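The structure appears right after this line, and notes come after that.
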Amino acid sequence: MSKITLLQPYTFEATKYNNRMAMAPMTRSRAGNEGNLATAEMAIYYADRAAAGLLITEGTVVSKKAVGFINVPGIYSKEQTESWKQVTHAVHDKGGKIFVQLWHTGRLSHPELHNGELPHAPSAINPEAKAYVARGFIDTVTPKEMTVGEIKATIIDFKNSAKNAVEAGFDGIELHAANGYLFHQFFNGCSNARTDEYGGSIENKARILFETLDALKDVINYSRVGVRLNPSMHGVQGMTVDKDTIDTHEYIVNRLNDYGLAYVHLTEPFTDVSEVPYAVTEIAKHFRPIYKGLLMINKGFTKETGNKIIEDGYADMVAYGVPFIANPDLVARFEKNAPLNTPDPSTFYTFTEKGYNDYPKMEA
């Protein structure tokens, strides 16, 4: 085995990982069945990638109202919870660890996914983005501003889904508070114009995340909880960096030190933000001094750059996305310096077998 740090076993607190590579959460839209259940094909997909230090599932919705893509799985019903057991068992049989990413898309949705009703969001502001419905990607609309009661109910949805995740055999959960989805919408001024306790100040904009974390303590240990953030997301998914954005994320990351989490999962900018006022261009480097726990970083890393950011001390684990789609044996390929398969983006979100479990492994 290669001796590079990225590929070595890693222990954080009492948790042991096969290596410092994680599979990033990636929507695949393969749960197009009655009830949006996990499937046998999904069990194969995740088990084939179990050599990673940690697998993080595709975004998995916490309620019907959370949906923003067609054919994505949920974990809010008894049937969905039961269906995920085949996935966790398959991964554990291969010696892997798997977290489920809990997801609410907020305003990045469409009435076509909600029987004609408007999607919910912090404020009635159209992200001017795209939602993925049966007829393809279409323009978003102005959402419905959530009442305080609806916010409280959503927090309970996350709690119940976390409880279901434990029942389904997941090693943990990741709260998706990034990429322009519901939590992220509360954090940023471009999507949150509220004047109540969930808007205005930095503390208020972050309140929903910490109320959700506080609600989780009755159903899951914090050492089994991760949080994903994308502080410098700009010009994508309706997000705009403003003068408070980085300050808000610094406040969030600093407070997360108090929870003893499994990890904080940060994403480098999706776009070039070098000319964007207030944005941070190097996320891991900026937030590493703030966060004392396990820091995971994502976005476009290679074997070499992933290893370097760990050895430079800016991250503890690196999450790989698209390379894992096309290379179920990505860890082995990195170990042996083998060439990688070429991904086919046209099959990323299609409800077909093609482009899912048919990428060849090295021995093939």
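Quantities reported herein were computed from a predicted structural model and do not represent experimental measurements.
Considering every non-hydrogen atom in both His110 and Ala131, the closest pair reads CB-CB, 3.9 Å. Residues Gly32 and Asn71 share a closest heavy-atom pair of CA-OD1, 3.1 Å. Residues Tyr320 and Gly306 come closest through the heavy atom pair OH-CA, 3.6 Å. Here the closest heavy-atom approach between residue Val141 and residue Pro119 is recorded as CG2-CD, 4.3 Å. Minimum heavy-atom separation, Pro143 to Ser123: CG-O, 3.5 Å. The nearest pair of heavy atoms linking Pro323 to Leu330 is CB-CD2, 3.7 Å.
Between Arg194 and Phe186 the shortest side-chain heavy-atom distance falls below 4.5 Å. Using a 4.5 Å cut-off on side-chain heavy atoms (C-beta onward), Leu7 and Met21 make contact. Two residues are said to be in side-chain contact when any heavy atoms from C-beta on lie closer than 4.5 Å; Ile125 and Ser191 fail this criterion. Between Lys85 and Glu167 the shortest side-chain heavy-atom distance falls below 4.5 Å. At a threshold of 4.5 Å between non-hydrogen side-chain atoms, the residues Leu213 and Leu256 count as touching. Between Arg28 and Met42 there is no side-chain heavy-atom pair separated by less than 4.5 Å. Contact annotation: the side chain of Lys159 never approaches that of Ile155 to less than 4.5 Å [non-hydrogen atoms, C-beta and beyond]. At least one side-chain heavy atom of Pro127 sits less than 4.5 Å from a side-chain heavy atom of Leu108.
With respect to Lys144 and Glu117, no salt bridge is recorded, no charged nitrogen being found less than 4.0 Å from a carboxylate O. Between Asp312 and Lys285, none of the side-chain N atoms (NZ, or NE/NH1/NH2) sits under 4.0 Å from a carboxylate O, so this pair counts as no salt bridge. Salt bridge annotation for Arg207-Asp214: absent, with no cationic side-chain nitrogen under 4.0 angstrom from a carboxylate oxygen.
Partner Trp103 forms a side chain to side chain contact (heavy atoms under 4.5 Å, CB included) with one of His176, Glu58, Glu174 and no other, that one being His176.
At distances below 3.5 Å, not a single donor-acceptor pair connects side-chain atoms of Asp244 with backbone N or O atoms of Ile202. Using a distance-only test at 3.5 Å, with no hydrogens or angles considered, no donor-acceptor pair links the side chain of Tyr10 to the main chain of Thr15. Judged by distance alone, the side chain of Asn19 and the main-chain N or O of Ala52 form no donor-acceptor pair under 3.5 Å. At distances below 3.5 Å, not a single donor-acceptor pair connects side-chain atoms of Arg49 with backbone N or O atoms of Ile44. Put simply, the side chain of Ser232 never gets that close to the backbone of Pro269: no donor and acceptor are under 3.5 Å apart. Side-chain atoms of Asn327 do not come within 3.5 Å of backbone N or O of Leu340 as any donor-acceptor pair. A donor-acceptor contact shorter than 3.5 Å is absent between the side chain of His92 and the backbone of Ile98. Arg107 contributes no side-chain N or O that, together with a main-chain N or O of Leu182, makes up a donor-acceptor pair within less than 3.5 Å. Using modelled atom types, one side-chain atom of Asn298 and one backbone atom of Ala319 make a donor-acceptor pair closer than 3.5 Å. Put simply, the side chain of Asn341 gets close to the backbone of Ala326: a donor and an acceptor are under 3.5 Å apart.
In this structure, CG on Leu37 lies 10.0 Å from OG1 on Thr81, to the nearest 0.5 angstrom. If you take CZ on Phe324 and CG on Asp329, they are separated by 9.5 Å, rounding to the nearest 0.5 Å. Note that CZ of Arg255 and CG of Asp258 are 7.5 Å apart. Values are rounded to the nearest 0.5 Å. Interatomic distance, CG of Leu209 versus OG1 of Thr248, reported as 12.0 Å (0.5 Å rounding). Note that NZ of Lys97 is 6.5 Å distant from CG of Asn18, once rounded to the nearest 0.5 Å. Taken to the nearest 0.5 Å, the CD atom of Glu197 stands 14.0 Å off from the CD atom of Glu203.
Tyr132 and Leu118 fall into different hydrophobic clusters, where Ile, Leu, Val, Met, Phe, Trp and Tyr residues are linked whenever their side-chain heavy atoms come under 4.5 Å apart, directly or through other members. When hydrophobic clusters are built by joining Ile, Leu, Val, Met, Phe, Trp and Tyr residues whose side-chain heavy atoms come closer than 4.5 Å, directly or via intermediates, Tyr291 is grouped together with Tyr222. In the hydrophobic clustering of ILVMFWY residues, with side-chain heavy atoms under 4.5 Å counting as a link, Met296 and Met233 come out apart. Under a hydrophobic clustering in which Ile, Leu, Val, Met, Phe, Trp and Tyr are joined whenever their side-chain heavy atoms come within less than 4.5 Å, directly or via other members, Val331 and Phe301 fall into the same cluster. If you chain together hydrophobic residues whose side chains sit under 4.5 Å apart, Val280 and Val236 never meet in one group.
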Applying side-chain hydrogen bond (donor to acceptor under 3.5 Å, both in side chains), run through Asp242 and Thr245 and close with a yes or a no. CA-CA 5 Å; Asp242 64 26; Thr245 303; 3.0 Å; yes
Candidate pair Ile208 and Phe158, rule side-chain contact (heavy atoms from CB on, under 4.5 Å), full reasoning: CA-CA 11 Å; Ile208 185 174; Phe158 275 94; over 6 Å; no
Between Leu229 and His265, does a side-chain contact (heavy atoms from CB on, under 4.5 Å) hold up when you go through it step by step? CA-CA 6 Å; Leu229 301 165; His265 182 180; over 6 Å; no
For Leu216 and Ile173: C-alpha separation, side-chain torsions, deciding distance, then whether side-chain contact (heavy atoms from CB on, under 4.5 Å) applies. CA-CA 10 Å; Leu216 295 182; Ile173 65 164; 3.8 Å; yes
Set out, in order, the CA-CA distance, both residues' side-chain angles and the distance that settles side-chain contact (heavy atoms from CB on, under 4.5 Å) for Glu268 and Val273, then state yes or no. CA-CA 10 Å; Glu268 296 290 353; Val273 296; over 6 Å; no
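Residue Tyr259 qualifies as enclosed at atom OH: its count of foreign heavy atoms under 6.0 Å is above 12. Within 6.0 Å of atom CD in Glu353, 12 or fewer heavy atoms from other residues, nucleotides or ligands are found, so the atom counts as exposed in its surroundings. The 12-atom threshold is not exceeded at CG of Asn115, counting heavy atoms of other residues, nucleotides or ligands nearer than 6.0 Å.
In this structure, Phe99 has its ring center under 6.0 Å from that of Tyr263.
Donor-acceptor pairing under 3.5 Å is lacking for the side chains of Thr154 and Asp157.
Screening residues 179-188 for side chain to side chain donor-acceptor pair (under 3.5 Å), with sequence neighbours left out, gives Asn179-Asn230, Tyr181-Gln237. Contacts classified as ring pair (Phe, Tyr, Trp, His ring centres under 6.0 Å) and involving residues 37-61 (residues at least two apart or in different chains) are given here: Tyr45-Tyr356. Applying the salt bridge (charged side-chain N to carboxylate O under 4.0 Å, His left out) test to every pair with at least one member in residues 223-235, sequence neighbours left out, gives no pairs at all.
Phe270 carries Lys299 over the face of its six-membered ring, with the cationic atom under 6.0 Å from the centre and within 45° of the normal.
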